[in-house]
Engineer: 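Input: one structure, supplied below.
Within every chain, numbering begins at 1; the chains are lettered A, B, ... in the order of the sequence lines, protein sequences first and strands thereafter. The structure presented is a predicted model; accordingly, all values stated were derived computationally and were not measured.
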Amino acid sequence: MIKNPVRKEQFVKWVLVAFALSSLLFLFLIFMFILFEGLPLFHKVGLKNIIMGSKWAPTKGFFGIYPMIVSSFFVTFGALFIGAPMGLSCAIYLSEYSGKRMKMFLKPALELLAGIPSVVYGFLGVIYIVPLIRNYIGGSGFSLLATSIILGIMILPTIISISFDSLVSVPKTYREGSFAMGATKWQTIYKVVLPAARSGILASFILGMGRAIGETMAVIMIAGNALRIPTSILDPLRTLTGNIALELAYATGDHRLGLFSTGVVLLIIIMILNYIANFGIKRKM
Amino acid sequence: MRINPRFTNKFVQIGLNFQAFFTVSILVIIVAIICFKGLPYVNFEFIFAYPEDMGRLGGIFPSIAGTILLALLSILFATPLGVGTAIFLTEYTKESLFTKIIRFGVESLAGIPSILYGLFGFIFFVIKLRMGWSLLAGVLTITIMILPTIIRTSEEAIKAVPRNLRMVSYSLSATKWETVTKVVLPSAIPGILTGIMLSVGRAVGETAAVIFTMGSSLRLPTSLMDSGRTMAVHFYILAREGISMEKAYGTALVLVVSILLINVLAYYIMNKAISKYS
Amino acid sequence: MVRKFGIIAVALATLIISCSGKPADRTKKDKHTITIAGSTSVMPFTEKLAEHFMIDNRKFVIDVQGGGSTAGIQACLNNTVNIGMSSRELKEEEKMLNTIIICYDGITIVVHPKNPLKAMTLQQVSRIFSGEITNWNQLGWINREIDAVTREEGSGTRSSFEELVMKEREIDDGIMVQDSNGSVKEVIATDPYAIGYISLGLVDQRVKPLTINGVIPSIRSIKTGRYKIVRPFLYVTNGELDEDGRKFVNFVLSKDGQNILKKEGLVGFYD
């Protein structure tokens with residue numbers, strides 16, 4: 001080992017710099033390899049034929065993923081439609097209404113929802129939600145609706161924990177001022193606290209969207225994976241992630257490149273969402 | 001018509017109570033279903049026996065071992081890298097463009113969905129580095145995936161260590177590295193452990209990134225180059241292929257209970273750490 | 001604490017370096033490893049054969065992976081596996097590989113047991129999957145949409161189905177897609193209005209096979225050549241197999257091996 005303390009200090013510092021750079025290196029590798037595999041096809045087939053093409057038959061030379069892009073956004077907004085109100089009201093309850101002991105119990109319990117593996121959500125969706133929809137609403141049950149419900153539940157922990165943080169960080173004086181003017185608790189929350197925490201709540205929704213659009217295993221189990229753009233909430237659909245997971249193990253040659261192109265599109269969408277959530281929205285914290 | 005604000009207030013309060021109750025009950029229902037359906041099939045033999053007939057009979061021992069191997073090895077790689085990064089960001093540098101870039105990298109890694117990690121691991125480790133579907137390829141992929149969690153939690157844990165502890169150490173003419181290893185890290189260990197436990201939970205529950213890098217061979221991996229199957233992957237295959245619903249529920253029970261225990265342990269450690277400093 | 005991590009990291013790094021390089025050569029010294037990958041249709045049967053084979057040959061380790069017919073053939077071409085599995089005939093550009101037919105498999109059109117329909121014509125099946133027939137009342141059952149399930153692009157079962165059933169028609173984009181025989185069967189077994197196609201070997205009481213053009217799919221009707229939707233299950237090898245691989249293939253083609261396949265509902269070479 002190095003004896004001289006000054007040199008040792010230097011050595012340690014450079015090792016730590018190398019460690020810190022490793023994250024950047026990994027990010028770079030991930031980008032490079034997905035782009036490296038995915039971009040040649042854009043060149044060969046044409047950007048428009050991939051992004052706007054509506055036919056996916058890679059073994060026959062069609063690489064259109066437009067229906068999957070649209071479907072991915074459908075399930076994401078579906079999930080948000082279900083998860084956002086539920087998550088936000090839980091966050092409001094936790095930050096404004098619950099007692100300290102209740103909070104100590106509820107918050108970890110809700111965060112445990114995030115720990116349950118996505119395959120388990122998918123499985124329960126297939127066993128319970130899909131037949132329920134098939135028997136009482138219609139269609140095969142493998143549908144936009146079923147997928148939205150399951151994804152809505154899966155994004156709850158993200159929405160709850162981030163909007164909770166932003167609600168808690170609203171200064172106490174805001175609330176006291178409102179109460180002093182004779183407002184009820186709900187008026188205070190609705191008119192003062194929520195607007196003050198607006199950007200954090202918005203960020204939680206966008207990160208929730210990121211989670212929903214990236215979810216894979218649960219989605220291929222319940223979405224039905226049909227290639228057409230769904231025309232009703234009872235139609236099956238295939239997301240970008242589902243397309244990769246269904247066919248990756250099988251694919252060779254251009255077919256595999258097509259899946260990497262799907263990955264490129266997914267990566268770009270995710271990066272945009274993350275950028276908006278982390279930097280675009282100035283969180284007041 | 002004007003609704004009495006006091007009425008609205010009461011109404012909203014009841015509604016929010018109900019909503020919170022409803023959300024927690026989802027968790028309870030999920031765990032209850034898995035427990036009731038899975039408990040009859042989980043016994044000593046189920047956990048320690050090898051599967052027969054593609055998992056239709058016998059136990060799930062190789063997948064439990066595969067899960068433990070994957071999680072432990074990933075942690076072994078990710079912990080030094082993650083904690084080192086956190087030490088660098090908190091102790092060795094001031095906020096600058098450089099730290100901003102690194103933080104951006106970490107945030108971006110955290111946001112990438114697991115299927116893209118799978119895609120990357122498949123093309124880079126499995127194909128380009130010729131590892132094949134192997135434990136090693138799985139471990140390296142999961143290492144990158146859990147790195148952001150470990151960095152973030154370690155950073156917060158290190159930041160929470162009071163300034164004056166460091167000052168005392170420096171005043172005793174300790175070097176920076178001595179201060180970090182002898183003073184800062186020991187106090188930050190509970191927080192770091194929480195991050196590690198959460199990462200273990202994530203590795204145990206992961207499917208998409210694992211199935212394309214570690215493969216799904218149903219046997220005990222005996223070297224890093226062997227393919228293997230984690231519990232989550234085994235459960236996915238059992239359930240999706242309809243091989244055996246009984247074994248699927250049994251596997252789900254072992255899987256969910258171990259993840260819940262890991263997470264509860266993580267929160268317990270975190271709470272202890274928080275109460276120590278406040 | 002930190003030093004400990006350092007030591008562990010170094011130890012691990014050494015371990016990895018020593019393990020990487022030529023993994024296949026290393027493992028072959030102490031045990032006989034045969035790697036097999038490919039069609040998910042053939043995989044379950046190969047796993048079963050491997051289980052039996054390994055009982056009698058304790059020194060052998062047989063590594064069976066899925067991946068699909070095309071991937072299995074490619075892996076065989078790159079020599080990453082000893083044996084590739086395929087559930088479709090080889091294409092022109094793949095013909096340089098040796099093929100071993102291990103058995104024949106009928107693709108069965110299956111519906112839910114509650115479905116009263118017992119028979120269809122090949123043309124009706126292809127019109128369902130091409131999206132021309134979308135409602136069960138067009139086939140004389142209730143007024144309810146048909147939930148048809150197909151396999152994904154690249155699957156050997158799908159390409160055999162396209163070739164033998166669809167012919168010049170194309171599978172419609174609105175049809176649901178599942179990525180294995182087993183998952184198609186799960187959908188059919190739980191949805192009373194579903195129809196799909198799976199290996200004859202996987203048919204059990206949870207799904208109902210349909211009579212096609214008047215012929216009931218069975219080992220017998222496949223053997224006599226009356227049931228037409230039949231494809232071979234192939235093992236493919238790049239050049240000559242080594243001794244270990246040959247031993248396993250000989251077992252598969254032996255009476256014992258073929259009996260195992262027969263029990264699983266496949267059509268072998270013995271009676």
Engineer: Tell me the closest heavy-atom pair linking A:Ile270 and B:Gly111, and the distance in Å.
Structural biologist: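 Heavy atoms only, the tightest pair is CG2-O, 3.4 Å.
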Engineer: B:Leu16 and A:Ser89: which non-hydrogen atoms are nearest, and at how many Å?
Structural biologist: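 Heavy atoms of B:Leu16 and A:Ser89 come nearest at CD2-CB, 3.2 Å.
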Engineer: Would you mind checking which part of B:Leu89 comes under 4.5 Å of any heavy atom in chain A, side chain (CB onward), backbone (N, CA, C, O), both or neither?
Structural biologist: neither
Engineer: For B:Ile34, which atoms come within 4.5 Å of any heavy atom of chain A: side chain, backbone, both, or neither?
Structural biologist: side chain
Engineer: Measure distances from B:Tyr117 to the heavy atoms of chain A and classify the residue's part below 4.5 Å as side chain, backbone, both or neither.
Structural biologist: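 B:Tyr117 touches chain A through side-chain heavy atoms alone.
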Engineer: If you round to the nearest 0.5 Å, how far is CG of A:Leu112 from CD1 of B:Ile30?
Structural biologist: 11.0 Å
Engineer: Could you check whether any side-chain heavy atom of A:Tyr93 comes within less than 4.5 Å of a side-chain heavy atom of B:Gln19, counting everything from C-beta outward?
Structural biologist: no
Engineer: Which bit of B:Phe18 is near chain A, if near means a heavy-atom gap under 4.5 Å: side chain, backbone, both or neither?
Structural biologist: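 Contact with chain A involves no heavy atom of B:Phe18 at all.
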Engineer: Can you measure from CG (B:Leu119) to CZ (A:Phe33) and round to the nearest 0.5 angstrom?
Structural biologist: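 Those atoms lie 12.0 Å apart.
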Engineer: Can you tell me which portion of A:Met104 sits under 4.5 Å from chain B's heavy atoms? Options are side chain, backbone, both or neither.
Structural biologist: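 A:Met104 touches chain B through side-chain heavy atoms alone.
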Engineer: I'd like to verify something: which residue of B:Thr8, B:Ile112, B:Val31 has the highest number of heavy-atom pairs under 4.5 Å with chain A?
Structural biologist: B:Ile112
Engineer: With respect to chain A, which residue among B:Thr93, B:Asn17, B:Leu147, B:Val204 yields the maximal number of heavy-atom pairs within a distance under 4.5 Å?
Structural biologist: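 Maximum pair count with chain A is reached by B:Asn17.
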Engineer: Where on B:Tyr267 is there a heavy atom nearer than 4.5 Å to chain A: the side chain, the backbone, both, or neither?
Structural biologist: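 Looking at B:Tyr267, just its side chain touches chain A.
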Engineer: B:Ile26, B:Ile211, B:Val106: which one forms the most heavy-atom pairs within less than 4.5 Å of chain A?
Structural biologist: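 Looking at each of B:Ile26, B:Ile211, B:Val106 in turn, B:Ile26 comes out on top.
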Engineer: Please state whether the side chain, the backbone, both or neither of B:Ile151 comes within less than 4.5 Å of a heavy atom of chain A.
Structural biologist: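 When you check distances to chain A, only side chain atoms of B:Ile151 fall under 4.5 Å.
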Engineer: Would you say the ring centers of B:Phe88 and A:Phe19 fall short of 6.0 Å from each other?
Structural biologist: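 So the answer is no for these two rings.
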Engineer: Which pair of heavy atoms, one from B:Arg240 and one from A:Met221, lies closest together, and at what distance?
Structural biologist: NH1-CA, 3.8 Å
Engineer: Looking at CG of A:Leu248 and CZ of B:Phe212, how far apart are the two atoms once the value is rounded to the nearest 0.5 Å?
Structural biologist: 4.5 Å
Engineer: Examine whether an atom of B:Met245 lies under 4.5 Å from a heavy atom of chain A, and if so say whether it belongs to the side chain, the backbone or both; otherwise answer neither.
Structural biologist: side chain
Engineer: Where on B:Val24 is there a heavy atom nearer than 4.5 Å to chain A: the side chain, the backbone, both, or neither?
Structural biologist: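 Both parts, backbone and side chain.
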Engineer: Taking side chain as everything from C-beta outward and backbone as N, CA, C, O, which of these in B:Ile127 sits under 4.5 Å from a heavy atom of chain A? Side chain, backbone, both or neither.
Structural biologist: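 Only the side chain of B:Ile127 comes within 4.5 Å of chain A.
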Engineer: Relative to chain A, which segment of B:Lys128 carries a heavy atom at a distance below 4.5 Å: side chain, backbone, both, or neither?
Structural biologist: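 Contact with chain A: side chain only.
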Engineer: Sub-3.5 Å donor-acceptor pair from the side chain of A:Asn274 to the main-chain atoms of B:Ser108, do we have one?
Structural biologist: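 No: the side chain of A:Asn274 does not pair with the backbone of B:Ser108.
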Engineer: Within this structure, what is the CG-CG distance for the pair A:Leu240 and B:Leu116, rounded to the nearest 0.5 Å?
Structural biologist: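 Between A:Leu240 CG and B:Leu116 CG, I get 9.5 Å after rounding to 0.5 Å.
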Engineer: With a cut-off of 6.0 Å (strictly less than), are more than 12 heavy atoms of other residues, nucleotides or ligands near CZ of A:Phe179?
Structural biologist: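 It does: A:Phe179 CZ has more than 12 such atoms within range.
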Engineer: Heavy atoms only: give me the nearest B:Ile115-A:Gly214 pair and the separation to one decimal.
Structural biologist: CG2-O, 4.1 Å
Engineer: To the nearest 0.5 Å, how far apart are CD in B:Glu178 and CD in A:Glu9?
Structural biologist: 8.0 Å
Engineer: Can you see which heavy atom on A:Pro117 is nearest to which on B:Val256, and at what distance?
Structural biologist: CD-CG2, 4.4 Å
Engineer: Given A:Ser23, which of B:Leu81, B:Ile144, B:Leu109 fulfils the side chain to side chain contact (heavy atoms under 4.5 Å, CB included) condition?
Structural biologist: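 Going through the options one by one, the only one that passes is B:Leu109.
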Engineer: Determine the minimum heavy-atom distance between A:Leu266 and B:Pro113, stating which atoms define it.
Structural biologist: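 Smallest interatomic distance, heavy atoms only, reads CD2-CG, 4.4 Å.
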Engineer: Find the one option among B:Ile102, B:Ile123, B:Thr207 whose heavy-atom pairs under 4.5 Å with chain A are most numerous.
Structural biologist: B:Ile123
Engineer: OH of A:Tyr190: more than 12 outside heavy atoms within 6.0 angstrom?
Structural biologist: no
Engineer: Quick one: what part of B:Phe122 sits under 4.5 Å from any heavy atom of chain A, side chain, backbone, both or neither?
Structural biologist: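 Just its side chain gets close to chain A.
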Engineer: Taking atom CD of A:Gln10 and atom CH2 of B:Trp177, what is their separation to the nearest 0.5 Å?
Structural biologist: 13.5 Å
